[in-house]
Amino acid sequence: MMVETSYYLILAAIIFSIGATGVLLRRNALIIFMCIEMMLNSVNLTLIALARQWGNLEGQIFVFMIMAVAAAEVAVGLAILIANVRHRQSINIDEINLLRW
Amino acid sequence: MPLDVAPVFRSYETQRTLNPPGIPALAPLPEGETEDLQRIAGRFRDDFLAAGLHHGNQVVYARPEQLKALATFLRDDSQLQFETLIDVTGVDRSELPLDGGARFQTIYQFRSYSRNQHLTVVTDCRSEAEGNGTSPHVDSLTSIYRGAEWPEREVFDLMGIRFDGHPDPRRILMPKNWPNHPLQKQAPLGGEEVPFTFTWDDPEFDTLGTQILAAESAAPDLPPGMSRQNMVINMGPHHPSTHGVLRLVVELDGERVVSIDPDLGFLHSGFEKTGENKRYKDFVYYTDRMDYLSSMSNNLGYCLTVEQMLGLEIPERAQVIRVIMAEMQRIASHLFWLATHVLDVSGTGMSLLMYATRERERILDLFEMACGARLTVSYIRIGGVWQDLPDAFVAELKDFLRLMPQKISEYEAMVTEAPLWQERLKGVGFVSAEDALAMGLTGPMLRGSGVDWDLRRDRPYSGYEGYTFEVPTRDSGDCYGRFTLRLEEMRQSVRILEQAVDNLPSGLYKSNNRKVALPPRAELDVSMEALIHHFKLMTEGFHVEPGFFYHGIESSKGELGFFIYSDGSAKPYRLHVRGPSFNNLYAIDHISRGEMLSDVVTNIGSIDIVLGEVDR
Amino acid sequence: MSWSLLFFLLVGAVSLAAAFGVVTSRQPVHSALFLLTNFATLAVLYITLDAQFLAAAQVIVYAGGIVILILFVIMLIGGETNDFSAAQRAWSRTVGIALGVILLLVISYSALSRTMATSEETAALLQGGTPKAVGIELFSKYVLPFELIALLLLVALIGALVLGRQQEGAGEGIPSVKANE
Amino acid sequence: MASDYLPLLILILLAAGFGVIAIGLPALLGPRERNKQKLEPYESGIIPFADARRRFPVKYYLVAMLFLIFDIEVIFLFPWAAVLRDLRLFALLAMVPFFIVLVVGFLYEWKKGALDWD
Amino acid sequence: MDWLQLLVFPAIRALILIFVLLTGFAYLTWYERKLLARFQVRYGPNRAGKFGLLQPAADAVKAFFKEEIIPNHVDKPVYLLAPALALVPALIIWAVIPIAKGTPAIADVGIGFLWILAVAGIESYGIILAGWSSNNNYSLLGALRSSAQMVSYELPLGLFLVSILILAGSFSLVELVEGFRPWWEWIWLWLAFPFFFICILAETNRSPFDLPETENELVAGFQTEYGGMKFALFFIAEYVNMISTSAIMATLFFGGWKGPFADQYIWLGPIYLLIKVVILLFLFIWVRASIGRPRYDQLMKFCWQFMLPLSLVYVSVSAVLAVFLK
Amino acid sequence: MGIEEKVPDGILTTTLDSVINWGRANSTWPLLFGLACCAMEMIATGTARHDIARYGSELFRASPRQADLMIVSGRVSNKMAPVIKRIYDQMLAPKWVIAMGICASAGGPFNNYAIIQGVDKIIPVDVYVPGCPPRPESLLYAMDMLRAKQGRETIGAGRKVEEPLAVEEIMPLGV
Amino acid sequence: MEFGDFLKGASEIGKAMGVTLKHLRQKPVTVEFPHEDIPIYPRFRGRHELRRYANGLERCIGCCLCEAACPTEAIYVEAAENDPDAPLSPGERHAKVYELNLLRCVFCGDCEEACPTEAIVLGHDFAMANYERKDFVLTKEQLLNPGMPRVIIRPE
Ligand code: SF4
Ligand code: SF4
Ligand code: SF4
């Protein structure tokens, strides 16, 4: 009755790839940001699927921690974005050069 | 909108030919001297035209070049101390025999609160060729008295007088591309003929309801000084908290107000122009509709002004009735203010709104009993009051007075100490005493900033000197101060009312002067003379001596002043109203800057405006 | 095909469509909404994977927190940008798509190379991923990371605060990006 | 277990279905009278100065950001609350440092004025 | 008949729940209008049907046959989505609330408390999206304000939930109601009730925290551009939320369906619950009739500087109590 | 038109009409919109003494999108006219207009340059209420008249709407 | 915010809620017009009426004084000579046309005051709303035959 773990992994892989493509294709920093979040989530899915595969809660704990880290990342990342937009009036990633900033 | 319809004149109407011949070009020169006038004369020596007393007011005729120097002197001289410019207005004298005098004059009313003095300054306007005509202009006093800004804009808008050095010389009441300055004498009154059955064939009536005009499609201009970098929003004219049709253009930085530009005139109804085309008696009905929350005060202010110009004595009983009505009106107006203020600050569900209006209904009932109308009472007429008080009135009033203090305590229990209420009001909308004086604020706005001034006590009229009452003041200068102040004023009004009903004298309720007040109906059947007076009053009206006069009374919102310029005919030549709301509203930008958007609403409520009076 | 597989396919399809939407939407708000959908479907999948608590946490943290934050930022900077045209470097598009495809192939291959059937018994070890199970695991083995997370959040808080409040005095707002385009 | 959640899903779908009907149906039922002004934004009867989506104060970002961080911390409290009965003193002690850090962060914000809204 | 068990019964149950909630909404508006009227010494609706009982029906008919528009300046899909997104959470939050002995409204899941928190978390979407998509200054400002308000008050709300969880020791609301509680726990619990109620007021955008709809400075806040049925949906969402949160409060603080004989006669459960809900709704309306609203910044300050520390303290004390007294 | 074209004539439409009209008549939400003195009496209509809520009309909505009835309560100046027109346009159909007071109905005492001589020059008016200001009871009576009118409407019949004229054609000087 | 402040605030809020609760028990002050007649004071100025003498003659003598007195020009009177055999009014003249535009009248009562024969009076009828603008020009017929206002006259 249970769906095979590999299906979940494939799904995660596709989402990951879509996210990665988005990061490369889009120039809007916010959308890139969202793509990264999506990739992170696909990893979470993998972890949880594998946790079930091995009957081990550690994967879930790991995901739990990742969520916290992701939240921290979002908070700081968006803060940087906002600060940058204020500076340069642009949200285009090409115009955001952190080294020059 | 057929704007050019000539005013409808009927044969029986007072026409210019009825004017006594030889109207003076200038109102009679003032005579008499006072200390202040001597001091001014001493400073300016022979530079100015004339000074003296006119209808008991101190008047100075000044040359236009001197105006600014005179104003500075008036404000700064330690023996004059005219802290406030109460009013600015203008008059177009083109229908008077001018004899080479200037066509336009501006008239300023100065007030010294510390010394309890009033001074009127009259200046000719310089005229200057411009385009295909001449445009009158005069120095602006805004640099000396901040509060002159709006009145001067109004004079420019309606009268076409330009003010040199004015910081913001836009139109204020009329739409920005209005073709004329309506108060100039050559501008038509406008309007249309009153339809009766014989006019029904007029094709215009078929189109009613189908002439669907497209709404405007261009965005309005950004007011000067505002930045597109910030968020600029319109509050009003259709907005639930601007108390009618005020439009505020608010520049916001986040939730914080950077500046406010009020846009007035959405209710401009041409009162002043209409007044110039109506007999003196007819304008009483119009005053009702100006500050429609305190019709009685408006009636009173107007009638007192005309009566003073006529030199009319008012019987004792009428005076007391007038005081009763004015004070009831003050309570009613404050109750309505309370209800709307609560509504603004606290939302629709709040019950206090209903409780306050419930008490107000009782006052309106009393009005209906005496005057036959609830809002637009027209009870106080020139020469007295409309009819005597009905028999049941006093008992009902006493009953109401017994109840009222208890109700005020109930309101207080609901809000005064409530933490949310205090948080919303305390420290919000601060205005210091100096600013209040400079901006020409009056009434609770002035007293809330600690200036102890009340026209009822300090320049008494209608026998207010005979009552004991306190003039509450607050030093905090914020909305909370004004809030508690108004509640206290209601208590004081109750106190005055108690004294008045207890000492209601018997006697006449209107003047015996048949030239002004209608004779009693019983006389009509027996006296031919009475009948003639009756006919004359009802057709032509009475005439008022040439001259001009300004008189202010303390309405619930502040100083309500009427300025009448008479050419001796049965209609005022120029009629100007100094509305307290208009001048007080000027403060909205000052007191809201740097505060939150929600505070703007609190501040509007706290100023207590009535748009009918702001826009006139 | 079992019901659960069908269900999985349905949810997975929605999830993929949402992911696709995130990448292709022109309007950032739409992207954010697609992202929200994607997160929600993942939460559903977590439940089928016996991770109840994490499903709830996913909704609360991602849907209730992160996406809201992203929406706020979108509203703050008003970014209505159509940046496809702004991608000046044409090669980045080709490379992007190529990379994506390669990635996909590699991962799928490695995943498919072993079938992974789960037995009910191993799954039962998870106890359905209830908060209690997670809690016991967390507090028995991972107390230290748990405390470290608190520190991490503290640092993030301070960092975001400092970054976000820069030049606050110079006007609280942020100029619209749109004005720039 | 997982099947416990199926009714919830059904409820969600039905509720959403109701939403769709409520939005879609009146569009068929109601009258239609279109004019240009009706489809323009309302701003007190005046035409707005500019597009609304312009700029907003950073304060709102700070609210959402603070909320996010604290939301995570609240989430971490849930498993802890679940095991408090079993692990008792140990769980209580384990939470102390976490809690202290949380409070430190909170106090820091407070000091920095991030919690003052004026 | 697996599919019957799995799909059809829950579906029927869900439909009944939705129907009951919508009827409840309709009569809640009537209840509020009547009650508010009586607080304000007037009658309130009394012409449509006896005592105005048909008033909600009239409103519904009108809303359904009102013109629907999608203004040009809005973001169409989001504009349409927002009202539905506002409504759905209000309806589904009920799923885990027990309505009688051993009977949850829909399902008793292992994460009941988290369900409440999660659904509360997505409630703000409807508002924020409505405001953004309307592309109207009032709407946008109103939406920002109200969503900021809602997320802020979610924190103390979550912390109070944690505290109750600590005391109850179970994630299931069904067990929470049925579990035994010592008297000191009730007292301690009730201490939190006023604060929890404040959070709920803020979460449901009810007066005095109805800033998003403040008619005063922002006309109708985020709803300004919505009319007809779409506006009605926001209205429904607000009122269903009131019912839902009242039910939650009744369950968390006042024993939900419990009452004399409710253990024996299962059908008494819903009745007791209803009575408790009605009393709590009275509280909502009473507060609305009596208290003015604070300013936005004061509201936020109150949350962050008072409610949040307070709830943190409450959690700690609850934990200590639970560890040492149980 | 929506449903009205699809429903056949006959009993069904009549019943439907009466149900819909009943709903509309008993749930007429006025626009929160005050102009001048008459607005004070309009507000008084909402207060405890007169209690417009008895007819389910106490929900004064500030946004024109949510209101069914525009009570033009006061004089309409030249400057205000385009604004009123715009707000009226933004209300959703079906909508009604009561011209409250003589100013709104015909210009009233303000027979001058500033005031439009009757709001029916810019928007169609359903009920006129004389009085200056009309008593709250007069307004309640007018609402009664309006309900009668609503009761006679059929959803099939469209309301009078014409192509708008350009601003300049009607108001050469105004605004 | 201090906890003490909160308690004080809570007590104030409690007070406010007490006031509203007290009102909950009071009887509503609403007058249910149009299901109840409203009480009205005799001085209330409503719709106009033209009166007759007891013998059926019209009081109005067509003197136009009311027209002259009206501040808003709402009255139009056209006088004509009475037919000596069948006079409509005592005296020489009567009003051939007497019209009153209700949409201009401010109900000030000046016409009543001006009228030497007390022919025109302001009645108590306030329910004047109507659908068409033409309905508001009251003709002499309408003025002579007013309906009964639905009011209770209060003692003055
Ligand atoms: S009709 Fe009379 S009361 Fe109404 S707005 Fe006009 S003047 Fe004022
Ligand atoms: S009541 Fe006044 S306004 Fe009306 S007709 Fe008589 S005089 Fe004219
Ligand atoms: S009503 Fe009276 S005043 Fe008017 S015309 Fe007749 S008699 Fe003269």
Side-chain angles (χ1 to χ4, degrees), chain B residues 1 3 7-8 173-179 182 187-192 194-195 208-217 237-240 243-245 265-270 273-274 277 285-286 288-289 292-293 336 339-340 348 353-355 357-358 360-361 364 374-376 611-612 615, chain F residues 31-37 39-41 43-44 47-49 60 62 64 74-75 77-89 103 106-107 109-118 120-125 132-133 135 160-167 169-175:
Chain B
M1 250 38 55
L3 192 87
V8 189
L173 294 177
M174 302 305 292
K176 70 170 190 278
N177 47 5
W178 192 256
L189 174 64
E192 63 181 31
V194 177
L208 286 186
T210 55
Q211 276 185 18
I212 311 239
L213 147 89
E216 214 181 350
S217 54
H238 169 237
H239 194 280
H243 291 215
V245 289
F266 288 96
L267 194 56
H268 177 63
S269 328
K273 185 91 177 171
T274 309
N277 288 279
Y285 310 120
Y286 285 85
D288 282 334
R289 285 143 180 97
Y292 31 79
L293 288 175
F336 199 80
T340 48
T348 43
L353 163 72
M354 293 292 174
Y355 304 156
T357 47
R358 179 186 57 189
R360 176 170 174 268
E361 283 288 321
L364 296 191
R374 288 157 46 89
L375 267 189
T376 46
L611 260 294
D615 291 346
Chain F
L31 184 67
L32 182 54
F33 175 49
L35 281 171
C37 349
M40 302 303 118
E41 288 297 59
I43 294 170
T47 57
R49 170 79 158 279
F60 282 84
R75 37 194 190 262
S77 71
N78 274 316
K79 196 171 181 179
M80 191 67 192
V83 177
I84 290 189
K85 176 66 186 159
R86 187 179 179 81
I87 295 168
Y88 175 79
D89 282 345
C103 290
F110 297 95
N111 202 345
N112 61 27
Y113 65 95
I115 297 297
I116 286 196
Q117 303 297 310
D120 49 9
K121 299 208 166 156
I122 52 170
I123 57 179
V125 172
C132 186
R135 295 179 66 93
K160 40 187 175 173
V161 174
E162 276 189 11
E163 265 306 293
L165 303 174
V167 183
E169 284 177 52
I170 292 176
M171 211 191 282
L173 302 169
V175 208

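Not measured: the values here are computed from a predicted model. First the proteins, then the strands, lettered A, B, ... as listed; each starts at 1. Note: hydrogens, waters and symmetry copies are ignored here, and every other heavy atom, side chains too, is used.
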Go through the atoms of B/F336 and report whether side chain, backbone, both or neither lie under 4.5 Å from a heavy atom of chain F.
side chain
Does any heavy atom of chain F fall under 4.5 Å from the side chain of B/R289, the backbone, both, or neither of them?
both
Reported CG-to-NE2 distance for the pair F/N112 and B/H268, which is rounded to 0.5 angstrom:
7.5 Å
So CD1 of F/I115 and CG of B/L267: to nearest 0.5 Å the spacing works out to 6.5 Å
Under a 4.5 Å heavy-atom cut-off, does chain F meet the side chain of B/L611, its backbone, both or neither?
neither
Residue among B/M174, B/R358, B/R360 with most heavy-atom pairs under 4.5 Å to chain F
B/M174
Heavy-atom contact with chain B under 4.5 Å, split by part of F/A39:
neither
Rounded to the nearest 0.5 Å, how far does CD1 of F/I84 lie from NE2 of B/H238?
9.5 Å
For B/G265 and F/S77, the nearest pair of non-hydrogen atoms, with its separation, is O-OG, 3.7 Å
Can you tell me how far the CZ atom of B/F266 sits from the CG atom of F/N78, to the nearest 0.5 Å?
12.0 Å
Ignoring hydrogens, what is the shortest heavy-atom contact between B/T376 and F/C132? Give both atom names and the distance.
OG1-O, 2.8 Å
Note: F/A114 and B/S269 closest approach over all heavy atoms is CB-C, 3.7 Å
Between CE of F/M80 and CG of B/D615, what distance do you get to the nearest 0.5 Å?
10.5 Å
For the backbone of F/F110 and the side chain of B/T274, can you confirm whether one donor and one acceptor N or O come within less than 3.5 Å of each other?
no
Of all heavy-atom pairs between B/Y292 and F/L35, which one has the smallest distance, and what is that distance?
OH-O, 3.9 Å
Interatomic spacing from CG in B/L375 to CZ in F/R135 - rounded to 0.5 Å
10.5 Å
Answer with side chain, backbone, both or neither: which region of B/L173 has an atom nearer than 4.5 Å to a non-hydrogen atom of chain F?
backbone
Donor-acceptor pair, distance only, cut-off 3.5 Å: does the side chain of F/Y113 make one with the backbone of B/K273?
no
For a 4.5 angstrom cut-off between non-hydrogen side-chain atoms, does B/Y285 reach F/P109?
no
